[in-house]
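To start, the structure under review is shown below, and the notes come after it.
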2 protein chains.
Amino acid sequence: MSQAEMDQSEIKKGDTRPDTKQRILDAAEKLFAREGFHNTSLRAITGEAEVNLAAVNYHFGSKEALLDKVIARRLLPLNELRRTRLLRVREASRRENRRPRVEETLRAFIEPTMRFRDSEPGADDFMSLIGRALSEPDDTVRKIFITHIKSIFYLLYETLCNALPDISKEVIFWRLQFSIGALSHILRTVGRFELSHFPEGVNPAPDTDAMLTMLVPYLVQGMEAH
Amino acid sequence: MSQAEMDQSEIKKGDTRPDTKQRILDAAEKLFAREGFHNTSLRAITGEAEVNLAAVNYHFGSKEALLDKVIARRLLPLNELRRTRLLRVREASRRENRRPRVEETLRAFIEPTMRFRDSEPGADDFMSLIGRALSEPDDTVRKIFITHIKSIFYLLYETLCNALPDISKEVIFWRLQFSIGALSHILRTVGRFELSHFPEGVNPAPDTDAMLTMLVPYLVQGMEAH
DNA sequence: GTCTATAGATTGATAGAC
DNA sequence: GTCTATCAATCTATAGAC
């Protein structure tokens with residue numbers, strides 16, 4: 001009877017169609033990333049997901065609650081990856097009785113972030129979305145995002161303060177803001193530029209490794225500037 | 001009866017009320033910056049400006065054309081400032097038969113940009129708006145902005161290539177993107193953060209000089225990293 | 001140039017049949 | 001859980017009186 005129970009809610013045996021909730025989340029993620037939250041209607045989402053208009057409010061309650069689920073679905077696991085790596089950096093520095101290094105600290109945050117883009121289908125749209133979340137003028141998107149990012153940001157900030165004892169906490173804070181700005185700009189634009197804006201000879205869409213190779217030394221040098 | 005005529009349309013001698021067009025531009029700038037383009041209705045704009053709803057379409061033709069004027073009104077003079085300073089850097093380097101320095105090149109672009117915020121009332125809203133323009137997901141805002149920024153961006157890029165002969169043009173291009181990301185993040189967030197997000201002891205709204213003192217060395221070191 | 005009034009389209013959300 | 005039908009609110013834009 002386990003089979004019947006599964007169909008209760010309800011996926012047919014041979015049916016490979018993901019369930020409605022997933023389809024809505026996928027469609028919303030894509031459209032919020034590409035068109036913006038306020039510029040995406042529920043009708044556009046349910047059309048893309050090929051589900052009924054009323055399904056959004058049935059499954060999520062409101063457009064805003066849907067946005068929260070779209071963000072949480074991927075950001076919670078991503079934050080776990082970043083937290084694990086940051087804690088490992090701190091642990092290693094304590095064990096070896098030295099300060100954390102700036103480069104390993106920044107990498108612990110940035111590498112999982114940028115590699116996440118390649119990890120699952122749809123994650124690239126998600127990265128555009130969170131790359132833009134901080135710059136949303138309207139509270140709706142920004143507040144939901146900040147709720148989910150706050151604690152990992154402080155962990156990163158504290159580790160950097162530990163790594164850079166000769167630089168004031170205020171300067172470290174703002175340099176970290178500069179770095180977040182650079183990272184989020186890249187997250188939301190790579191692969192989405194209009195080609196016409198590129199000087200000749202510049203690859204408009206470097207892969208993740210190439211981007212890390214350019215980004216990390218840039219950020220490390222900036223953070224360490226005297 | 002002169003009173004009646006004044007209300008007719010027409011600005012009287014002693015009337016200090018800016019004309020309708022200005023009032024609409026000011027209101028639109030403020031609301032586009034704080035609420036976003038799609039999240040700002042014409043009713044909100046005409047309400048803030050205390051003019052009639054129909055005035056926007058009479059004076060500007062459409063909401064989109066209004067946005068273009070809001071951006072052009074301040075960006076054209078700002079671009080002139082930046083262009084003049086960049087050309088002066090290039091001229092000085094040619095005269096002294098040396099390469100432009102990275103710091104003076106970046107300053108030529110960044111100082112006018114950040115000081116513009118303090119230059120006139122309303123300019124702070126404008127800086128938030130253009131700080132966010134590049135990250136708009138929707139074409140409307142971004143395309144209008146890119147139209148106005150393209151040529152000055154290339155001038156900056158070429159001068160940097162000239163200043164950094166040992167770094168590949170591709171790397172310079174992306175490092176410039178990182179720098180633009182850092183700058184625009186700061187432009188749109190300074191003074192607009194929620195206070196609760198600040199670690200103790202960090203000034204949530206440094207003035208322009210303090211910010212330049214922190215930002216310029218960060219960007220210079222990043223651009224010059226080997 | 002300014003105003004009222006409204007057209008015409010679209011929105012988020014919901015009620016109720018199945 | 002899914003669907004149709006629709007409400008009530010909102011939007012941009014415009015026509016036409018003054």
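Below, chain A is the first sequence line, B the second, and so on; all start at residue 1. These figures come from a predicted structure and were not determined experimentally.
Of the candidate nucleotides dG1(C), dC3(D), dC3(C), dC3(D) has the atom nearest to the side chain of N52(A).
Y218(A) and Y218(B) have perpendicular rings, their planes meeting at more than 60° on a 0 to 90° scale where under 30° would count as parallel. The aromatic rings of F153(A) and Y157(A) sit parallel to each other, their planes meeting at less than 30°, with 60° as the upper class boundary.
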Problem set entry | Sugar-phosphate or base contact per nucleotide [nucleotides 12-18 of chain C; S, B, -; heavy atom under 4.0 Å] | BBB----
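Rounded to an integer number of Å, the gap from CD of E35(B) to C1' of dC11(D) is 16 Å. In this structure, F60(B) places its CZ atom 13 Å from P of dA13(D), rounding to the nearest Å. Rounded to whole Å, atom P of dC3(D) lies 10 Å from atom CD1 of I24(A). Straight-line distance from the CZ atom of R23(B) to the C1' atom of dT2(C): 14 Å, rounded to whole Å. Between the CD1 atom of I45(B) and the P atom of dA13(D) there is a distance of 10 Å, given to the nearest Å.
Cation-pi contact between K63(B) and F37(B): present, with separation from the ring centre below 6.0 Å and deviation from the ring axis of at most 45°.
Partners of R132(A) under the salt bridge (Lys or Arg N to Asp or Glu O under 4.0 Å) rule, at least two apart in sequence or in another chain, are E136(A). In terms of the salt bridge (Lys or Arg N to Asp or Glu O under 4.0 Å) criterion, D207(A) has no residue partners (sequence neighbours excluded).
The shortest distance between the side-chain N/O atoms of T20(A) and the OP1/OP2 oxygens of dT2(D) is below 4.0 Å.
Separation of the F173(B) and F198(A) ring centroids falls under the 6.0 Å cut-off.
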